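Accompanying notes for the structure given below.
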Amino acid sequence: MKKILSVLAAMFFCLAFSGCTVFETDTEALMKPPVFTEEQEKLNSALANILGESYVLKYPENGETNSAFVFRDLDGDGTEEAMAFYSLFDDNTRINILKKEEDGWISVCEAPGFYGEIKSVDFAETEKNQCLIVIKWEQEIGIYSYSEERLGTIHKAPCEGADIADIDGNGFSEIVIFSGSATGRSIVSIVYSVENTVAVTEDISVHAVYDRIFAKTTGKIEDGRTMYFLDSEIYDGVYLTEMIALEEGTAKRYFIADFVESEPEERVDNEGLVSVGAYGKRRIFLRNTKAFCLDTNHDGITEMPVEYREDYAHEASEEKFFLQYMQFDGEESKPVWNGAANPEGGYLFEVPESWNEKFEIKFGSSADEFLFAEKGTGETVFVIFAVSKNDYQDKYEDCVFAAENETKNYYIKSYLEPESDFYIEPETFGERFIFIG
């Protein structure tokens, strides 16, 4: 059952201070004194007049801002407030909210934060004119709302990582919180807005550990629903795609499971996790390829990568497998793209599905030389070369120039004859590339 959290719950008391101060900075700032803008200098002077004692400015490590002073319209009145982060005589980070008057900045609210340093400060627009303040501390997350010159605590929780995204497609942001568990798997909860208040879902378990998630994507599936896709390395060299949906206040997890020959079905395991049947030849939801979800055919539907293989990906493997990207329509999944992934080289290359049975994929001397060889004989039939634009290109004169990005040119040498059943027309080489960063 969802837990509704009142926006006004757990309100901080707002205190006013006066006096003068001796200004200090934290360790990083002592090593490299901060350079303030004119407005930040005014804020710093206002703090010095308010606190009356030594204080240390605190700088978020990442997030939307890495400044000790953050400007934002926090209450939706059309005027920016300023947030200042600092500590006094202990390790607690404090938050001071100031507003600008004709005579300068004045403090309207001061409150303690959490023990330790600030990892990030971000903001989530959860409803029209409603802005939640999302602060990641060392081991916890704090979500706050500011109104009527008061800072209210919406939600506090242990946290290894968080993400702000519109995961249900309603035009506003949700906050996805990842925390650890005794089993080593991550626990996920979602903070979202409903009926002019804020709620948090019950926890769900996912295989992904936050530090090993390498891609987070929000996109639609074929039935029009919006999903939050996680691609992670769950064991060394073994990867998994999971989908999280927010449906009627409940978080649900989906993934592609192992089904054979057009037998789509839905199974629920003892943790209530929903798996989605695959379509056609066996698809294994674990894979050895570090590929991530994307829209391969630009139709607005996000697809999931699945290896074309007969066995299971139990451990890391040097073997390369053909990849298929699958669309999920809410009941079953089906392939819409077939090809080879070269994550080290930063691209996908589309080939006909008939290649899956006939050829195998290998690296040459490096990831810059991607080979397709005939199964059984090992004879090379197709090679993709990635060449730095700073290198000589003469040695590739007998190849077809296929594509380029900012740093490299891509050439292809094909040994397939036009009469071959597996022949690819050279004029289509370029459009078969998908660059993946």
Side-chain angles (χ1 to χ4, degrees), residues 215 217 219 231 239 241 280-281 283 287-309 319-327 333-375 379-389 391 393 395-437:
T217 307
D231 288 298
Y239 307 96
T241 295
K281 190 176 176 62
R283 321 287 177 189
R287 62 185 185 274
N288 293 127
T289 304
K290 190 178 181 180
F292 53 84
C293 298
L294 49 81
D295 180 6
T296 59
N297 56 4
H298 309 291
D299 65 352
I301 307 299
T302 299
E303 297 114 26
M304 296 166 285
V306 175
E307 285 178 350
Y308 185 93
R309 57 190 298 170
E319 187 174 357
K320 303 297 175 186
F321 296 91
F322 285 97
L323 206 67
Q324 293 191 322
Y325 271 86
M326 312 285 287
Q327 281 188 357
S333 54
K334 61 183 179 182
V336 297
W337 185 95
N338 190 93
N342 186 347
E344 298 90 341
Y347 64 88
L348 309 175
F349 187 77
E350 185 178 15
V351 298
E353 192 171 346
S354 59
W355 282 39
N356 298 359
E357 302 287 356
K358 179 69 175 178
F359 303 118
E360 59 185 355
I361 310 166
K362 298 179 180 180
F363 281 131
S365 57
S366 70
D368 288 337
E369 191 174 324
F370 206 41
L371 311 176
F372 297 81
E374 190 173 359
K375 286 183 179 179
E379 181 180 353
T380 298
V381 296
F382 200 84
V383 189
I384 302 173
F385 299 98
V387 184
S388 170
K389 290 187 174 182
D391 294 343
Q393 315 290 307
K395 61 184 293 187
Y396 303 99
E397 287 182 349
D398 61 342
C399 300
V400 176
F401 177 84
E404 64 179 322
N405 59 20
E406 291 182 357
T407 59
K408 293 184 177 181
N409 291 328
Y410 293 82
Y411 297 91
I412 292 177
K413 185 173 181 62
S414 175
Y415 299 90
L416 294 167
E417 298 296 333
E419 59 270 17
S420 167
D421 293 337
F422 306 99
Y423 183 73
I424 296 177
E425 298 78 5
E427 58 268 22
T428 70
F429 288 168
E431 61 196 51
R432 294 176 181 271
F433 277 90
I434 298 177
F435 291 108
I436 54 176

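The structure presented is a predicted model; accordingly, all values stated were derived computationally and were not measured. One-based numbering along the sequence shown.
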For Glu307 and Thr289, indicate whether the former's side chain and the latter's backbone hold a donor-acceptor pair under 3.5 Å. yes

Using atom types as modelled, flag every donor-acceptor pair under 3.5 Å from a side chain in residues 422-433 to any protein atom, sequence neighbours excluded.
{"from": "Thr428", "atom 1": "OG1", "to": "Glu425", "atom 2": "O", "distance (Å)": "2.7"}
{"from": "Thr428", "atom 1": "OG1", "to": "Arg432", "atom 2": "NE", "distance (Å)": "3.0"}
{"from": "Arg432", "atom 1": "NH1", "to": "Glu350", "atom 2": "O", "distance (Å)": "3.3"}

Ring pair (Phe, Tyr, Trp, His ring centres under 6.0 Å) partners for Tyr239, two or more places apart: Phe214

If every non-hydrogen atom of [X] is compared with every non-hydrogen atom of [Y], which pair is closest and at what distance?
X: Asn342; Y: Ala367; answer: ND2-O, 3.0 Å
X: Tyr411; Y: Gln393; answer: OH-OE1, 2.8 Å
X: Pro305; Y: Leu323; answer: CB-CD2, 4.0 Å
X: Cys293; Y: Met304; answer: SG-CG, 3.7 Å
X: Phe435; Y: Ala403; answer: CZ-CB, 4.1 Å
X: Ile436; Y: Pro343; answer: CD1-CA, 4.2 Å

Can you tell me how far [atom2] of [Y] sits from [atom1] of [X], rounded to the nearest 0.5 angstrom?
X: Asp391; Y: Lys408; atom1: CG; atom2: NZ; result: 9.5 Å
X: Thr217; Y: Asp231; atom1: OG1; atom2: CG; result: 6.5 Å
X: Phe401; Y: Ile412; atom1: CZ; atom2: CD1; result: 10.5 Å
X: Asp295; Y: Ile301; atom1: CG; atom2: CD1; result: 7.5 Å

Would you indicate whether the side-chain heavy atoms of [Y] and [X] approach each other to under 4.5 Å?
X: Lys413; Y: Phe385; result: yes
X: Glu357; Y: Tyr308; result: yes
X: Thr380; Y: Lys362; result: no
X: Ser414; Y: Val400; result: no
X: Gln327; Y: Asn297; result: yes
X: Val387; Y: Asp368; result: no
X: Asn405; Y: Tyr347; result: no
X: Leu416; Y: Phe359; result: yes

Salt bridge (Lys or Arg N to Asp or Glu O under 4.0 Å), that's the test. Do Lys320 and Glu360 meet it? Break it down for me. CA-CA 7 Å; Lys320 303 297 175 186; Glu360 59 185 355; over 6 Å; no

Step through the shown structure and confirm whether more than 12 heavy atoms of other residues, nucleotides or ligands are within 6.0 Å of CD on Glu406. no

Counting only heavy atoms not in Lys395, do more than 12 sit closer than 6.0 Å to its NZ atom? no

Taking the ring of Phe372 and the ring of Trp355, is the distance between their centroids below 6.0 Å? yes

Pair Lys358, Lys375 - check side-chain contact (heavy atoms from CB on, under 4.5 Å), show working. CA-CA 6 Å; Lys358 179 69 175 178; Lys375 286 183 179 179; over 6 Å; no

Could you check Phe382 against Phe349 for side-chain contact (heavy atoms from CB on, under 4.5 Å), going step by step and ending with a plain yes or no? CA-CA 12 Å; Phe382 200 84; Phe349 187 77; 3.6 Å; yes

Please report the C-alpha distance between Phe363 and Glu344 in whole Å, then the side-chain angles of each, then the deciding distance to 0.1 Å, and finally whether the side-chain contact (heavy atoms from CB on, under 4.5 Å) criterion is met. CA-CA 10 Å; Phe363 281 131; Glu344 298 90 341; 3.4 Å; yes

Would Lys389 and Asn409 satisfy side-chain contact (heavy atoms from CB on, under 4.5 Å), going step by step from the backbone distance to the final call? CA-CA 6 Å; Lys389 290 187 174 182; Asn409 291 328; 3.3 Å; yes

Gln324 pairs by side-chain contact (heavy atoms from CB on, under 4.5 Å) with which of Thr296, Asn356, Val336? Asn356

